[in-house]
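Data first, discussion second: the structure below is written as structure tokens.
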Amino acid sequence: MDKNEVAISIIIPIYNVGEYLHRCLSSVACQTFKDYEVIMVNDGSTDKSCEIAESFTKYFVNFRLVHNTQKGVAYARNLGVSLARGEYIAFVDSDDYVDPNYLLRLYSAAKEYDADVAHCNYVLYNIDSGFLHSVRIRKPRKGVMTNINMVRRTLSDFFMRSYLWNKLWRRSLFVDNNITFPNMKFEDIATVSKLLYFANKGIILNQYLYYYTIRDGSIVQTVSLQNISDYILSLGMLRRFFTDKNELTNTTFPFIRLAMIMIFANIGSLFRFHFRKRNFRGYFGNVVKGTRNILYFYSKNFKKASHQEVTLPYSFTEPEDKSKK
């Protein structure tokens, strides 16, 4: 390892999370593993987030804060990756927190098995109810998985999920394969399976090391037509990638399952969206458009357009907002 490198770079995008940020950064600062740097990317916060982040740079020499105008979490993550010096990269969301052994367990396992990726179990924390729900990843006997098995399990959204934060990634996966996060919501879904495809192997740990916060205002909880569109678009981007890699045979069932999940998620998300607008005019039309978008990514027309940018052929119709009348 080069003398200017560290073992792990932790990338934390920050945007208006002042209420949760101190807890997050404190959990990172208290890691039992010490050879790491923290790259905090302030994405144009307007609350006290920047002040909190700056305070950590004063007390911890391995904490670094960089600024940019509000460009979204994908841009912030890409910026963090470009600045990272670590052999491995970890991503932590700024409203979440981690176990003190988060880095130690993941890094030790990755090095022991010479794995490009190490996964851990995680806990969902509902900030309103205080309820904790443990999520355990189903793993093979010795916990070691091939890249294609990881891809299949992740695409199907069943045994594994397309989360960045419960994984430790070898930085070369990004650099050597020129992988960046697309400028969209749900950029993790569009990216994680690609990274896993290029990995030599993965190791899965039984420990619960990451605490994911469920709260109003997060990207996952925010319902908009743009978010729904980006969610479906991630399917098309993955289909294009694995078509180009001639891996559709190995990923047929996982893609079918993912498409079915998206169809039902589309129905539910659009219902929530129209309900918040207090206007169900055009709801069924939007459901049909969403379903047709999903099915399009399995059609011959999509395969014939392999040289074109991946886009949705059917745009959703924005209903009038009657909630404020």
Please tell me whether [X] and [Y] have a donor and an acceptor in their side chains that are separated by less than 3.5 angstrom.
{"X": "Asn147", "Y": "Asn200", "result": "no"}
{"X": "Asp93", "Y": "Tyr212", "result": "no"}
{"X": "Asp188", "Y": "Ser162", "result": "no"}
{"X": "Asn301", "Y": "Ser299", "result": "no"}
{"X": "Asn206", "Y": "Arg136", "result": "yes"}
{"X": "Thr191", "Y": "Arg77", "result": "no"}

Tell me whether the centres of the aromatic rings in [X] and [Y] are closer together than 6.0 Å.
{"X": "Phe280", "Y": "Phe271", "value": "yes"}
{"X": "Phe273", "Y": "Phe316", "value": "no"}
{"X": "Phe181", "Y": "Phe91", "value": "yes"}

Exercise. Backbone N or O of Gly236 within a donor-acceptor pair of the Tyr296 side chain at under 3.5 Å?
Worked result: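 No, the answer is negative, given that no donor and acceptor are paired below the 3.5 Å cut-off.
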Exercise. Residues two or more places apart in sequence or in another chain: which of them pass side-chain contact (heavy atoms from CB on, under 4.5 Å) with Asn246?
Worked result: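 In terms of side-chain contact (heavy atoms from CB on, under 4.5 Å), with neighbours along the sequence ignored, Asn246 is linked to no residue.
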Exercise. What pairs with Tyr122 under ring pair (Phe, Tyr, Trp, His ring centres under 6.0 Å), at least two apart in sequence or on another chain?
Worked result: Tyr163, Trp165
If you draw the axis of the six-membered ring of [Y], does the NZ or CZ of [X] fall within 45° of it and under 6.0 Å from the ring centre?
{"X": "Arg239", "Y": "Phe297", "value": "no"}
{"X": "Arg278", "Y": "Phe275", "value": "yes"}
{"X": "Arg105", "Y": "Phe33", "value": "no"}

Exercise. Crowded around Glu51 CD? As in, over 12 foreign heavy atoms under 6.0 Å?
Worked result: no
Problem set entry | Criterion side-chain contact (heavy atoms from CB on, under 4.5 Å) against Glu247, the qualifying member of Thr249, Asn250, Thr243, Asp244 |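 Answer to the side-chain contact (heavy atoms from CB on, under 4.5 Å) test with Glu247 among Thr249, Asn250, Thr243, Asp244: Asn250.
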Exercise. Who passes side-chain hydrogen bond (donor to acceptor under 3.5 Å, both in side chains) against Asn266, sequence neighbours left out?
Worked result: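 Counting only residues at least two positions away or on another chain, Asn266 forms no side-chain hydrogen bond (donor to acceptor under 3.5 Å, both in side chains).
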